[in-house]
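Worksheet: one structure, shown below.
Numbers here are sequence positions counted from 1.
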Amino acid sequence: MLHNAIDKIAQCSDLPARRPADKRYLPMRNGIPNLSALQAFEASARLGSFSRAAEELSLTHSAVYRQVASLEARLGVQLFTRVRRRIVLTEHGAEYAGRIRHHLDQIEKDTFGLVSRTGMGRSIHIAVLPTLATTWLIPRLAGFQRQHPDITVSLSVRTLPFQFKDQPFDGALYHASGIWPGTQGVLLFPEKELVPVCAPHLPRRAEDGLAGLTHLHLSSRPDAWRQWYGANRQAYGPQAAGGPRYELFTMMLAAVQAGLGVGLVPHFLAQPALQAGELVQPVPQVLAVGQGYYFGYPQRDERSEALRTFEAWLKSSV
């Protein structure tokens with residue numbers, strides 16, 4: 001199907017048409033490798049396995065291996081080193097994989113945009129923080145789907161700021177002190193405060209405050225506990241600083257509920273568990289924060305109707 005589409009484009013341009021009957025025809029067009037080979041390479045690089053790539057692409061292991069081997073042979077560059085049953089990207093392979101992944105994502109985004117504009121369906125692709133997605137956005141999406149059944153909302157996780165020109169997203173839900181430079185958007189809601197929470201059964205003495213409790217830290221906010229102690233004029237010692245680190249708030253909340261220690265989390269995330277008695281706030285002191293959760297998108301003159309509809313729904317949901 002893709003080759004047929006490319007041939008139709010070639011008919012409207014000066015590009016030569018594909019010649020499937022010519023056995024001497026190589027899987028290259030003006031220096032561009034065969035798309036199937038690029039997909040097999042990108043999946044193998046991302047998953048670290050020909051077998052897992054084959055499963056994702058609904059191909060056989062040998063088919064993926066042949067595609068990658070033919071790509072290496074055609075490029076004249078080794079993309080993987082093979083050690084027994086393992087594959088490892090070479091330096092050139094890692095760089096090429098990142099670039100190919102970007103271009104495949106862009107093709108997907110352009111295809112979604114074309115489908116949306118031609119009335120065959122309306123789709124938007126949103127980047128979102130993982131914890132915000134699972135605890136706040138996804139539980140509300142059913143309501144959006146009931147109101148707008150013709151709009152498909154796809155979600156991908158991003159935890160760090162990015163530039164829209166380098167990513168295949170129409171918009172992003174992110175945590176920051178303000179709107180990202182070069183974008184436009186709205187503040188959905190302020191974070192307000194981080195609260196210490198722990199499991200109800202965690203043994204402690206009220207007069208000791210948080211002394212003796214293992215402090216759980218978030219990797220993206222490494223100074224949160226230090227700031228909490230400073231704001232409350234308490235000494236921040238090795239016992240508080242030495243606790244384990246977690247990448248996501250969902251991990252931290254799971255660790256807190258398992259009784260592994262005390263975590264410092266946004267109040268809106270902890271509130272359901274606090275109300276249900278699954279967690280407790282061992283001390284009343286909190287850490288006030290100035291950041292919030294924003295919805296942003298590229299700074300351009302025209303947004304799709306689907307994106308405008310989604311933004312209006314987000315603002316009405318807070």
Between N232 and Q234 (side chain of the first, backbone of the second, donor and acceptor by atom type, cut-off under 3.5 Å), is there such a pair? no
Tell me the closest heavy-atom pair linking C198 and G261, and the distance in Å. CB-O, 3.8 Å
Report, as yes or no, whether the 6.0 Å neighbourhood of atom CD on Q257 holds more than 12 heavy atoms from other residues, nucleotides or ligands. yes
Step by step, work out the side-chain contact (heavy atoms from CB on, under 4.5 Å) result for V289 and K192. CA-CA 5 Å; V289 293; K192 294 183 179 179; 5.7 Å; no
So does R82 pair up with E72, basic N to acidic O under 4.0 Å? yes
Single-linkage hydrophobic cluster L129~V265, side-chain heavy atoms < 4.5 angstrom: yes
V153 with Y293, same ILVMFWY side-chain cluster at under 4.5 Å: yes
Residues in side-chain hydrogen bond (donor to acceptor under 3.5 Å, both in side chains) with R221, at least two apart? H175, E191
Plane angle bin for F144 and H148 - parallel if under 30°, tilted between 30 and 60°, otherwise perpendicular: tilted
Shortest non-hydrogen pair, W313 vs G143, comes out as NE1-C, 4.4 Å
What are the two closest non-hydrogen atoms of L89 and A97, and how far apart are they? CD1-CB, 4.5 Å
Please lay out, stage by stage, how D105 and I107 fare under the test side-chain contact (heavy atoms from CB on, under 4.5 Å). CA-CA 5 Å; D105 286 344; I107 290 173; over 6 Å; no
Within this structure, what is the CG-CD distance for the pair L287 and Q285, rounded to the nearest 0.5 Å? 11.5 Å
Is there a side-chain contact between V286 and L194 in this structure, where contact means two heavy atoms from C-beta onward sitting under 4.5 Å apart? no
Please give me the minimum heavy-atom distance between H61 and S51, naming the atom from each residue. CD2-OG, 3.0 Å
Between L253 and L248, is a side-chain contact (heavy atoms from CB on, under 4.5 Å) present by the stated rule, with each step listed? CA-CA 9 Å; L253 284 170; L248 305 175; over 6 Å; no
Establish whether I179 and F310 are linked, either directly or via other cluster members, by ILVMFWY side-chain heavy-atom contacts under 4.5 Å. no
Is the shortest side-chain heavy-atom distance between Q299 and F164 below 4.5 Å? no
Look only at the side chain of Q239 and the backbone of L213, and say whether a donor-acceptor pair between them is shorter than 3.5 Å. yes
Euclidean distance, S177 OG relative to L187 CG, rounded to 0.5 Å: 11.0 Å
Would a hydrophobic clustering, with Ile, Leu, Val, Met, Phe, Trp and Tyr connected at side-chain separations under 4.5 Å, put F162 with V157? no
Is E193 atom CD crowded by more than 12 heavy atoms from other residues, nucleotides or ligands, each under 6.0 Å away? yes
Would you say T90's side chain and L79's backbone share a donor-acceptor pair under 3.5 angstrom? yes
For the residue pair F41 and Y96, establish whether any side-chain heavy-atom pair is separated by less than 4.5 Å. yes
Quick one: sort the W225 and Y229 rings into parallel, tilted or perpendicular, breaks at 30° and 60°. tilted
Out of curiosity, T135 OG1 to L137 CG, how far, rounded to the nearest 0.5 Å? 9.0 Å
For the atom pair OG (S219) and NE2 (H217), what is the distance rounded to the nearest 0.5 Å? 10.0 Å
Below 4.5 Å, heavy atoms only, C-beta onward: do L274 and V197 meet side chain to side chain? yes
Evaluate the side-chain proximity of S304 to D170: yes if any heavy-atom separation is below 4.5 Å, no if none is. no
Considering all heavy atoms of both residues, which atom of V128 and which atom of A133 are nearest to each other, and what is their separation? CG1-CB, 3.6 Å
Is R99 salt-bridged to E95, cutoff N-O under 4.0 Å? yes
Are L155 and L132 joined in one hydrophobic group, where the rule is that I, L, V, M, F, W and Y side chains link up if heavy atoms are under 4.5 Å apart? yes
What I'd like to find out is whether the side chain of H125 reaches to under 4.5 Å of the side chain of S156, using heavy atoms alone. yes
Among W136, F249, F189, find the one that has a ring-ring contact (aromatic ring centres under 6.0 Å, His included) with F268. F189
How long is the gap from OG1 on T250 to CG on L269, to the nearest 0.5 Å? 9.5 Å
is_close_aromatic(Y174, F295), centroid dist under 6.0 Å: no
Would you find a donor on one side and an acceptor on the other, under 3.5 Å apart, between the side chain of D223 and the backbone of R226? no
Atom pair OG1 (T309) and CD1 (I124), whose distance is rounded to the nearest 0.5 Å: 8.5 Å
Any residue meeting side-chain hydrogen bond (donor to acceptor under 3.5 Å, both in side chains) with E311, in chain and number order, not counting sequence neighbours: Y297, R303
Verdict with supporting geometry, W228 and Y236, ring pair (Phe, Tyr, Trp, His ring centres under 6.0 Å): CA-CA 9 Å; W228 183 90; Y236 180 69; 9.6 Å; no
Would you check if the side chain of T81 reaches a backbone N or O of V88 as a donor-acceptor pair within less than 3.5 Å? yes
Are any of the side-chain heavy atoms of S123 and I151 separated by less than 4.5 Å? no
Considering all heavy atoms of both residues, which atom of A40 and which atom of Q67 are nearest to each other, and what is their separation? CB-CB, 3.7 Å
Is there a salt bridge (Lys or Arg N to Asp or Glu O under 4.0 Å) between R46 and E42? Walk through the geometry before answering. CA-CA 6 Å; R46 173 166 39 85; E42 187 279 330; 2.8 Å; yes
Q167 side chain to F169 backbone, donor-acceptor under 3.5 Å: no
Can you find a pair of side-chain heavy atoms, one from Q271 and one from V195, that are under 4.5 Å apart? no
L260 and T214: CA distance, side-chain angles, deciding distance, side-chain contact (heavy atoms from CB on, under 4.5 Å) verdict: CA-CA 7 Å; L260 296 180; T214 299; over 6 Å; no
